[in-house]
Amino acid sequence: MTPQLTDIQQMLQQQGYITDKAIAMSVFLSLQLQKPLLIEGPAGVGKTEIAKVMANALQTDLIRLQCYEGLDATHALYEWNYQRQLLHLKMTEHDTHSIDEKERTIFSEPFLMKRPLLQAITHSKKPVLLIDEVDRSDEEFESFLLEVLSDWQITIPEIGTIKATHIPQVILTGNRTRELSEALRRRCLYLYIDYPDFDKEWLIVKNKVPGIDAKLGEQITRFMQELRKMKLEKTPGLAETLDWAMALSALHIDHLDKTIIEQTLGVVLKEWQDTRQVQMSLEELLERTGVITKI
């Protein structure tokens, strides 16, 4: 049974995902219309997390296809287990079966290695299919993916056409590393998730790091908000905020100061140019954040 709009936000929050009306509406329409949901936005803002939360909330399995440059249909659909085929042929080389019979045996389902798309199509119940970072794949794979999303069937020459037993609930994510085709965009509903504002980010920190000191949590959130206003090579996302909050909380820190920021900056920034730039601007950042440093 498809959840109603009023249930979606509560459903997400029960799974620990702090959401808003736009996200709840997009998830609801995706479920209601049974259409893929394309989610774009900066890295680390919670795009992938939506798929995980949906799978938990719907009490179904999450099947993930991680995209990368050079990904082809073979790695996304299926492969034959060549080692098992060779072993079977070796074990049966002296029996009386014909070559055709042996060929039909080794090119049957027991020797098939199902990759994410075939797993989703043949799943025993409606799964959530996460196609993560789809913009990292090339245009040829995107065209193939569009065909699968339209027909929900796959033809394996040695076996035949396999149709979906249950059409998966599809979530696609992208970081806009390249422009996706208009055909793929038209096939999906669309949601853009930006960096959270202060109130939302602070609420997420409180929920994800429940033991954190309130003053420290607010200072971390304000510092991250100011940090994102700088022109950095890799702007830190919500994931880095939570990593930093958990790290400082584990160290039993109850407030920020210049020393602790310098010592733990590697949790937040992952490029040496960004680290150098922030170190040089740290006094100004602390002033804008409202942190009083010790002299």
Which heavy atom in [X] sits nearest to a heavy atom in [Y], and how many Å separate them?
| X | Y | value |
| --- | --- | --- |
| His123 | Thr165 | O-OG1, 2.8 Å |
| Leu189 | Ser26 | CD1-O, 4.3 Å |
| Leu216 | Ile253 | CD2-O, 3.1 Å |
| Phe141 | Ala76 | CE1-CB, 3.6 Å |
| Asp254 | Asp213 | O-OD2, 3.1 Å |
| Leu129 | Pro168 | CB-CB, 4.0 Å |

Do Met113 and Ile121 sit in the same hydrophobic cluster, where Ile, Leu, Val, Met, Phe, Trp and Tyr count as joined when their side-chain heavy atoms come under 4.5 Å apart?
no

Starting from Leu251, can I reach Val268 by hopping between I/L/V/M/F/W/Y residues whose side chains sit under 4.5 Å apart?
yes

When you look at [atom1] of [X], are more than 12 heavy atoms from neighbouring residues, nucleotides or ligands closer to it than 6.0 Å?
| X | atom1 | result |
| --- | --- | --- |
| Glu139 | CD | no |
| Glu287 | CD | no |
| Glu179 | CD | yes |

Sub-4.5 Å side-chain heavy-atom contact between [X] and [Y]:
| X | Y | value |
| --- | --- | --- |
| Val205 | Ile220 | no |
| Leu285 | Met230 | yes |
| Val27 | Thr19 | no |
| Leu118 | Ile156 | yes |
| Val278 | Leu232 | yes |

Quick one, Ile171 with Ile131, criterion side chain to side chain contact (heavy atoms under 4.5 Å, CB included). Give me CA distance, side-chain angles, the key distance, then yes/no.
CA-CA 6 Å; Ile171 300 290; Ile131 303 174; over 6 Å; no

Mind checking the [atom1]-[atom2] spacing from [X] to [Y]? Nearest 0.5 Å is all I need.
| X | Y | atom1 | atom2 | result |
| --- | --- | --- | --- | --- |
| Asp61 | Lys126 | CG | NZ | 13.5 Å |
| Asp20 | Asp197 | CG | CG | 9.0 Å |
| Ile39 | Ile50 | CD1 | CD1 | 4.0 Å |
| Trp202 | Asn207 | CH2 | CG | 10.0 Å |
| Asp72 | Ser137 | CG | OG | 11.0 Å |
| Cys188 | Leu172 | SG | CG | 5.0 Å |

Using the side chain to side chain contact (heavy atoms under 4.5 Å, CB included) rule, take Val53 and Asn56 through it: C-alpha gap first, then chi angles, then the decisive distance, then the call.
CA-CA 5 Å; Val53 168; Asn56 288 334; 5.7 Å; no

Give me each pair satisfying side-chain hydrogen bond (donor to acceptor under 3.5 Å, both in side chains) with a member in residues 261-274, each pair once, sequence neighbours excluded.
Trp244-Thr264

For Leu65 and Leu71, run side chain to side chain contact (heavy atoms under 4.5 Å, CB included): C-alpha distance rounded to whole Å, both residues' side-chain angles, the deciding distance at 0.1 Å, then the answer.
CA-CA 10 Å; Leu65 172 62; Leu71 176 65; 4.3 Å; yes

Between [X] and [Y], is there a donor-acceptor pair closer than 3.5 Å when you use the side chain of the first and the backbone of the second?
| X | Y | answer |
| --- | --- | --- |
| Glu218 | Lys215 | no |
| Lys47 | Gly41 | yes |
| Lys208 | Met246 | no |
| Arg187 | Leu149 | yes |
| Asp151 | Ile154 | no |

How far apart are the C-alpha atoms of Asp135 and Glu133, what are their side-chain angles, what is the distance that settles it, and do they pass the side chain to side chain contact (heavy atoms under 4.5 Å, CB included) test?
CA-CA 5 Å; Asp135 51 330; Glu133 298 185 305; 4.2 Å; yes

Can [X] and [Y] be counted as an ion pair, charged N to O under 4.0 angstrom?
| X | Y | result |
| --- | --- | --- |
| Arg288 | Glu284 | yes |
| Arg178 | Glu142 | yes |
| Glu40 | Arg185 | yes |

With respect to Pro42, which candidate in Ile193, Asn175, Thr235, Asp194 satisfies the side chain to side chain contact (heavy atoms under 4.5 Å, CB included) definition?
Asp194

Between Ile204 and the options Leu238, Val209, Asp199, the side chain to side chain contact (heavy atoms under 4.5 Å, CB included) test singles out Leu238

Can you list everything that forms a side-chain contact (heavy atoms from CB on, under 4.5 Å) with Arg64? Sequence neighbours excluded, please.
Thr48, Lys52, Gln66, Leu130, Asp132

Have Ser30 and Gln169 got a donor and an acceptor in their side chains that come within less than 3.5 Å?
yes

With a 3.5 Å cut-off and no angle check, do the side chains of Arg228 and Thr241 form a donor-acceptor pair?
yes

Is the Tyr78 ring parallel, tilted or perpendicular to the Trp80 ring (thresholds 30°, 60°)?
perpendicular

